[in-house]
Visitor: 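First the structure, which I've put down as structure tokens, then a few questions once you've had a look.
The chains referred to below are lettered A, B, ... by the order of the sequence lines, with proteins before strands, and numbering in each begins at 1. All of these numbers come straight from a predicted model, not from anything done at the bench.
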Amino acid sequence: MDIPYTVEVRRDTGLTNGKIGIWLFLASEVMLFGALFASYILIRTGAPTWPRGDTMLDVPLATLNTIILISSSVTMVMAWASLMRRRFETFRIYMGGTILLGLGFLVVKYFEYSAHFHEGALPHTNNFLAIYYTLTGLHGLHVLGGMVVNAYFWGPGAKLWKTNPVWFTNRVENAGLFWHFVDLVWIFLFPTLYLL
Amino acid sequence: MTSDHATTSMTGDHAVDIDKHVRIYITVFVALMVLTIVTVTVSRFHLPVPLAVTVALIVAIIKGSLVACYFMHLISEKKLIYAVLALTGAFFIALMVLPVVTVHDGFWIH
């Protein structure tokens, strides 16, 4: 049985089912990260002292990661715009760029984590590092998940373009919504953990 | 920019629209980069914590809004999406306020 409303929109909602689905998923993600941000506030306000992030973490590397992730959001939206212009090869270039930038983000994060581990700064060291590893670790998993989905649409999933280009474009748009959300979370994580 | 628009845009009717959107994406990208520099620069002034938190949050909210409005196309979305996000926003605010009020003794219980 075919999945309904993947190309044409439902009359009652004015949306495809995929679009509603991804936004409901993102709503649950807001609550997931929201709960962790609330934990951060609770732990920080309840602590007698709290270290400034820049005394324990590498701000230049995190700034580089911010630039990488924002750039990847642009390449992601450009990948979708390329499909809207029916330029499949351009889509492949932008989507490939998005995946590589995601990989770059994780590589930088690996160097950050490695440096902390060598210094003995582990999750059980103090509450700051516990919430730091929890938030950035969960965010990193989201980057990895987004990369897997994007790689699928860059590779095997792109076959759909030949048979149903509108459906494929809608799927890429939905993957983009998730990717931009991951970028959005980092925009708040960066100052919260590294600069305050 | 929603999926129903995708159907029509792919026919080439709205090619000019897409070009316009691409220009907006580039502008937003530049704005996000500038705001990132602002965030890092302000943090070097070592402002008092309440002021630093306020400034960092304001800049982050502006950056987040740009991503949500333009990259995620929320500036021209359907009502149902806004309704879902309004409900999510209400619960999110409750989540943020809850830990703050718990540290104020006697706020709830007099």
Side-chain angles (χ1 to χ4, degrees), chain A residues 7-9 12-16 18-20 23-24 26-28 30-31 34-35 37-43 45-46 50 52-54 59 63 66-67 70-71 73-74 76-78 81 83-86 165-166 169-170 173-174 176-177 179-181 183-184 187-188 190-192 194-196, chain B residues 1-7 9-10 12 14-15 17-19 21-22 25-26 28-29 32-33 35-37 39-40 42-44 46 49 52-53 55-57 59-61 63-64 67-68 70-73 77-81 84-85 87-89 91-93 95-100 102-103:
Chain A
V7 174
E8 74 279 18
V9 297
D12 50 356
T13 62
L15 295 159
T16 58
K19 177 68 87 63
I20 299 169
W23 274 111
L24 287 174
L26 292 182
S28 75
V30 168
M31 298 314 288
F37 269 106
S39 304
Y40 168 86
I41 296 168
L42 191 63
I43 292 169
T45 51
W50 191 262
R52 269 182 67 99
D54 56 7
V59 175
T63 307
T66 305
I67 292 167
I70 289 171
S71 303
S73 253
V74 178
M76 186 77 209
V77 81
M78 291 298 283
L83 292 178
M84 294 289 280
R85 292 161 150 173
R86 288 187 164 271
V166 178
T169 306
N170 290 343
E173 184 186 15
N174 294 339
L177 287 173
W179 192 257
H180 301 313
F181 173 78
D183 181 24
L184 210 155
I187 282 171
F188 284 91
F190 173 55
T192 304
Y194 289 83
L195 303 178
L196 296 175
Chain B
M1 298 295 282
T2 48
S3 301
D4 52 335
H5 292 134
T7 315
S9 294
M10 294 191 72
H14 296 280
D17 276 359
I18 294 298
D19 288 344
H21 285 296
V22 167
Y25 298 150
I26 304 300
V28 169
F29 172 64
L32 289 171
M33 287 298 166
L35 288 169
T36 300
I37 293 165
T39 308
V40 176
V42 169
S43 76
R44 288 175 181 271
H46 292 263
V49 173
V53 170
V55 172
L57 269 183
V59 178
I61 287 169
K63 287 171 75 179
V67 170
Y70 296 102
F71 291 167
M72 300 174 88
H73 309 145
E77 218 12 295
K78 292 286 186 286
K79 279 181 187 171
L80 182 65
I81 302 292
V84 168
L85 289 179
L87 196 62
T88 309
F91 281 107
F92 180 80
I93 290 166
L95 260 181
M96 294 300 113
V97 171
L98 209 57
V100 176
T102 55
V103 297

Visitor: Atom CG of Leu85(B) and atom CG of Leu24(A): how far apart are they, to the nearest 0.5 Å?
Guide: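 Here the interatomic distance stands at 9.5 Å.
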Visitor: Need one label for Leu32(B): side chain, backbone, both or neither, based on atoms under 4.5 Å from any heavy atom in chain A.
Guide: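 Both parts, backbone and side chain.
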Visitor: Could you report the tightest heavy-atom contact between Pro191(A) and Thr39(B), atom names first, then the distance?
Guide: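 Shortest heavy-atom contact: CB-CG2, 4.1 Å.
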Visitor: What pair of heavy atoms forms the shortest contact from Glu77(B) to Trp23(A), and how long is it?
Guide: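 Of all heavy-atom pairs spanning Glu77(B) and Trp23(A), the closest is OE2-NE1, 4.3 Å.
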Visitor: Please assess Phe190(A) against Val40(B) for the test side-chain contact (heavy atoms from CB on, under 4.5 Å), listing each intermediate value before the final yes or no.
Guide: CA-CA 10 Å; Phe190(A) 173 55; Val40(B) 176; 3.7 Å; yes
Visitor: Report yes if some heavy atom in the side chain of Leu177(A) is under 4.5 Å from a heavy atom in the side chain of His73(B); otherwise report no.
Guide: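 A side-chain contact is absent here, since even the closest heavy-atom pair is not under 4.5 Å.
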Visitor: When rounded to the nearest 0.5 angstrom, what distance separates NZ in Lys19(A) from CD1 in Ile81(B)?
Guide: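 Separation between the atoms: 6.0 Å.
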Visitor: Any idea which of Leu95(B), Thr36(B), Leu80(B) has the most non-hydrogen atom pairs under 4.5 angstrom with chain A?
Guide: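 Winner by heavy-atom pair count: Leu95(B).
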Visitor: Which atom pair, heavy atoms only, marks the closest approach of Phe71(B) to Val74(A)?
Guide: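 Looking at all heavy atoms of both residues, the shortest contact is CZ-CG2, 3.7 Å.
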Visitor: When rounded to the nearest 0.5 angstrom, what is the spacing between CZ in Arg44(B) and CG in Leu195(A)?
Guide: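 CG of Leu195(A) is found 9.5 Å from CZ of Arg44(B).
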Visitor: Starting from the C-alpha separation in whole Å, work towards a yes-or-no answer on side-chain contact (heavy atoms from CB on, under 4.5 Å) for Val67(B) and Phe181(A).
Guide: CA-CA 8 Å; Val67(B) 170; Phe181(A) 173 78; over 6 Å; no
Visitor: Which region of Leu196(A), side chain (C-beta onward) or backbone (N, CA, C, O), has a non-hydrogen atom less than 4.5 Å from a non-hydrogen atom of chain B, or is it both or neither?
Guide: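 Side chain of Leu196(A) only, per the 4.5 Å heavy-atom cut-off to chain B.
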Visitor: Please round to the nearest 0.5 Å and tell me the distance separating atom CD1 of Ile18(B) and atom CG of Leu83(A).
Guide: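 The CD1 atom of Ile18(B) sits 10.5 Å away from the CG atom of Leu83(A).
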Visitor: Take Thr13(A) and Lys78(B), measure what side-chain contact (heavy atoms from CB on, under 4.5 Å) needs, and give me the verdict at the end.
Guide: CA-CA 8 Å; Thr13(A) 62; Lys78(B) 292 286 186 286; over 6 Å; no
Visitor: Identify the two heavy atoms, one from Gly64(B) and one from Leu184(A), that lie closest to each other, and give their separation to 0.1 Å.
Guide: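 Minimum heavy-atom contact is O-CD1, 3.8 Å.
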Visitor: Using 0.5 Å steps for rounding, measure from the OH atom of Tyr25(B) to the CE atom of Met78(A).
Guide: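 Reported value, rounded in 0.5 Å steps: 9.0 Å.
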Visitor: Which bit of Leu26(A) is near chain B, if near means a heavy-atom gap under 4.5 Å: side chain, backbone, both or neither?
Guide: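 The answer is the side chain of Leu26(A).
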Visitor: Looking at Ala81(A) and Val22(B), what are the two nearest heavy atoms and their distance?
Guide: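 Distance-wise, the nearest heavy atoms are CB-CG2, 4.0 Å.
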Visitor: Give, as side chain, backbone, both or neither, the part of Val49(B) having an atom under 4.5 angstrom from any heavy atom of chain A.
Guide: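 Only the side chain of Val49(B) comes within 4.5 Å of chain A.
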Visitor: Are the side chains of Arg52(A) and His46(B) in touch, meaning some heavy atoms are under 4.5 Å apart?
Guide: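 They are in contact (side-chain heavy atoms under 4.5 Å apart), so the answer is yes.
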Visitor: So for Ser71(A), is it side chain, backbone, both, or neither that comes closer than 4.5 Å to the heavy atoms of chain B?
Guide: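 Both parts, backbone and side chain.
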Visitor: Which bit of Leu35(B) is near chain A, if near means a heavy-atom gap under 4.5 Å: side chain, backbone, both or neither?
Guide: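 Contact with chain A: none, neither part.
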Visitor: Is Asp12(A) close to chain B through its backbone or its side chain, or both, or neither, when contacts mean heavy atoms under 4.5 Å?
Guide: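 Neither; nothing under 4.5 Å.
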Visitor: Measure across Met31(A) and Phe91(B) and return the closest heavy-atom pair with its distance rounded to 0.1 Å.
Guide: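 That would be CE-CB, 3.4 Å.
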